[in-house]
4 protein chains.
Amino acid sequence: MLSIDPRSREPIYRQIMNQIKEQVARGILKVDDKIPSVRELSTQIVVNPNTVSKAYQELEREGIIVTMRGKGTFIAEQVPEEILVKDIESVKTKLKQVVLEGHYAGIEKEVMQDWVAWYYKQFGGKS
Amino acid sequence: MLSIDPRSREPIYRQIMNQIKEQVARGILKVDDKIPSVRELSTQIVVNPNTVSKAYQELEREGIIVTMRGKGTFIAEQVPEEILVKDIESVKTKLKQVVLEGHYAGIEKEVMQDWVAWYYKQFGGKS
Amino acid sequence: MLSIDPRSREPIYRQIMNQIKEQVARGILKVDDKIPSVRELSTQIVVNPNTVSKAYQELEREGIIVTMRGKGTFIAEQVPEEILVKDIESVKTKLKQVVLEGHYAGIEKEVMQDWVAWYYKQFGGKS
Amino acid sequence: MLSIDPRSREPIYRQIMNQIKEQVARGILKVDDKIPSVRELSTQIVVNPNTVSKAYQELEREGIIVTMRGKGTFIAEQVPEEILVKDIESVKTKLKQVVLEGHYAGIEKEVMQDWVAWYYKQFGGKS
DNA sequence: GTGGTCTAGACCACA
DNA sequence: GTGGTCTAGACCACA
């Protein structure tokens, strides 16, 4: 279900978060879909249960998933109104950084914009 | 010269690195320009000399600056041939992540592409 | 495990690096072997943890070891393709210097070549 | 006469030392040849006079050159008997390190030995 | 003056 | 427990 790289500089709990988010964005995981329990997932991807637990807690805080006691964990209904200015600012800061690095690596503006379009298409599964 | 936010989650030494890179990209710092000594900068931005030193060492490893023993530290000539596929892959991975987050935050593709163009204009100062 | 000479002109962190490299080359440390944690090694060889940490970070950058967050540090799989012309040039420059010094010290060519053979045998443990 | 790289990690005074030694080894500089004064050389290669001075002091300590007050600095007669065990040990240690690095870079034993022979031929000018 | 190395020790994120 | 970052400050080689 998920593929984790324990050697990556990206924390494992964030890899889990991002991959679940990505699957939601792509429409692979849909609202009310059940996701594996902490134990299941942790044995599946051979990761410390604490790590999976942390990922789930963060995802819940972000409103991506909901845990229902005794029943399991599910993809939450998205609440678009909750979009915060803070998130947008965060995205802009990160984008600026990426553009800076891309610029350094000699990537042309048009190429970068094409990549943006490509990834949007990838994540368009939701609509 | 630089503005550091000690509360940020981004390590201080990386903030220093990024801001210097940005100034080079914008053309504010040019090839052979001298940058402040470790001590100078550390007192200026109220940060431990070791932290500045770490930033400078990383920048040197990346080929952004060169230090000349006992003389100081200078902006290096860029070596475009050194651009590695690795860098490009890194940029793509990060961009994908940013697009994912932007998508979540409800930012439209066109808006994101405009931002890309905007930042490119900002960093185009070099040419 | 390692023997450090704090009086040497060679920085301690480089002594650590070289000895670990040597143990890998000799086959004493093998791929996926765990090496001591920063704290362990630093108490063992009576050196500041920062110094060990610096050595480990450099080794990681060189691809000799990998660290897995919160788990520890391990000998990496070697990636022979990464061998760069730069490394070879560096070896040649250093060898030239050593030969120059040897020549000055009155060491005969054949003796020096024998030593090369001898050290190769020492480091051949890997195969 | 000498070519200095101020960006190198090798201290400038050592670059000066090594190049003079090399020229002696190759027979370009011969016993009793006059070498430039500190001032001359420092303006020629655009280096701080202190740096040249340090190089000359070290070379004198090693017996490579002699300074005669008011007359200038000259290549000394070599005193082969002065060869110290210490020097030989130093060469062996450095050679070991170079072989280790060469081994890492995938250089074959025979290749390294050929290089040794080659450099010996270069420095054979003296004989 | 300039950067490099090191100690001593704190706090934090992560697993 | 494990490594990463940071402060405070010392000492050294080099130019």
Side-chain angles (χ1 to χ4, degrees), chain A residues 4 6 8-16 42 45-55 58, chain B residues 4 6 8-16 34-43 46-58 60 65-74, chain C residues 4 6-16 34-43 46-60 65-74, chain D residues 4 6 8-16 42 45-55 58:
Chain A
I4 263 52
S8 166
R9 325 198 69 218
E10 193 180 22
I12 293 174
Y13 86 96
R14 283 207 174 273
Q15 292 183 45
I16 296 172
S42 71
I45 60 181
V46 193
V47 144
N48 194 307
N50 287 336
T51 307
V52 176
S53 179
K54 179 161 187 180
E58 289 290 322
Chain B
I4 263 50
S8 165
R9 323 197 65 212
E10 193 180 22
I12 293 172
Y13 84 94
R14 287 215 169 268
Q15 292 183 46
I16 296 171
K34 196 179 185 207
I35 61 173
S37 76
V38 169
R39 282 173 181 74
E40 267 175 358
L41 187 55
S42 73
T43 54
V46 193
V47 144
N48 190 286
N50 280 334
T51 306
V52 176
S53 182
K54 181 164 188 179
Y56 279 17
Q57 281 177 36
E58 287 290 325
E60 177 141 32
I65 64 180
V66 280
T67 119
M68 284 159 71
R69 309 196 143 237
K71 284 199 173 167
T73 306
F74 305 83
Chain C
I4 263 51
R7 291 166 189 182
S8 165
R9 322 196 66 212
E10 192 181 22
I12 294 173
Y13 83 95
R14 286 215 170 267
Q15 292 182 45
I16 297 172
K34 195 179 185 204
I35 62 174
S37 75
V38 170
R39 281 173 181 74
E40 267 175 0
L41 187 55
S42 72
T43 55
V46 193
V47 145
N48 190 285
N50 280 335
T51 305
V52 176
S53 182
K54 181 165 186 176
Y56 279 17
Q57 281 176 38
E58 288 290 326
L59 284 170
E60 176 142 32
I65 63 178
V66 280
T67 119
M68 282 159 72
R69 309 196 143 236
K71 284 197 172 168
T73 305
F74 305 83
Chain D
I4 263 51
S8 165
R9 325 198 68 217
E10 193 180 21
I12 291 172
Y13 86 96
R14 284 208 173 272
Q15 292 183 45
I16 296 171
S42 70
I45 61 180
V46 192
V47 144
N48 193 308
N50 288 335
T51 307
V52 177
S53 179
K54 179 160 189 181
E58 288 291 320

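This structure is a prediction, so every number in the text was calculated from the model and none was measured. Naming: A, B, ... by sequence-line order, numbering from 1 per chain.
Here C:E60 pairs with nothing under the side-chain hydrogen bond (donor to acceptor under 3.5 Å, both in side chains) rule; sequence neighbours left out. Every residue two or more places apart in sequence or in another chain that forms a side-chain hydrogen bond (donor to acceptor under 3.5 Å, both in side chains) with C:Q57 is listed here: C:S53. B:E40 meets the side-chain contact (heavy atoms from CB on, under 4.5 Å) test with B:P36, B:S37; sequence neighbours excluded. The side-chain contact (heavy atoms from CB on, under 4.5 Å) test applied to D:N50 returns D:N48, not counting sequence neighbours. Residues passing the salt bridge (charged side-chain N to carboxylate O under 4.0 Å, His left out) test with C:E58 are B:R61, C:R61, sequence neighbours excluded. C:T43 pairs by the side-chain hydrogen bond (donor to acceptor under 3.5 Å, both in side chains) definition with nothing, not counting sequence neighbours. By the side-chain hydrogen bond (donor to acceptor under 3.5 Å, both in side chains) test, D:S8 pairs with no residue at all, sequence neighbours left out.
Mapping heavy-atom proximity under 4.0 Å, the span of DNA chain E touched by chain A runs 5' to 3' from E:dC14 to E:dA15.
Both C:E40 and B:M68 lie close to DNA chain F; mapped to their nearest nucleotides by heavy-atom distance, the more 5′-ward contact belongs to C:E40. Projected onto DNA chain F by closest heavy-atom contact, D:R14 and B:R39 fall at different nucleotides, the more 5' of which corresponds to B:R39. For A:N50 and B:I35, each mapped to the nucleotide of DNA chain E holding its nearest heavy atom, the one lying further toward the 5' end belongs to B:I35. Map A:P11 and C:I12 each onto its nearest nucleotide of DNA chain E; the residue landing nearer the 5' end is C:I12.
Among the protein residues, C:N48 comes within range of the nucleic acid bases, having at least one heavy atom under 4.0 Å from a base atom.
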(message) Both atom distances under 3.5 Å, Watson-Crick or G-U wobble: I'd like the secondary structure of DNA chain E as a dot-bracket string, with | for pairs made across strands.
(response) ||||||||||||||.
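Counting only distance, with no hydrogens or angles, the side chain of C:T51 and the backbone of C:V47 share no donor-acceptor pair below 3.5 Å.
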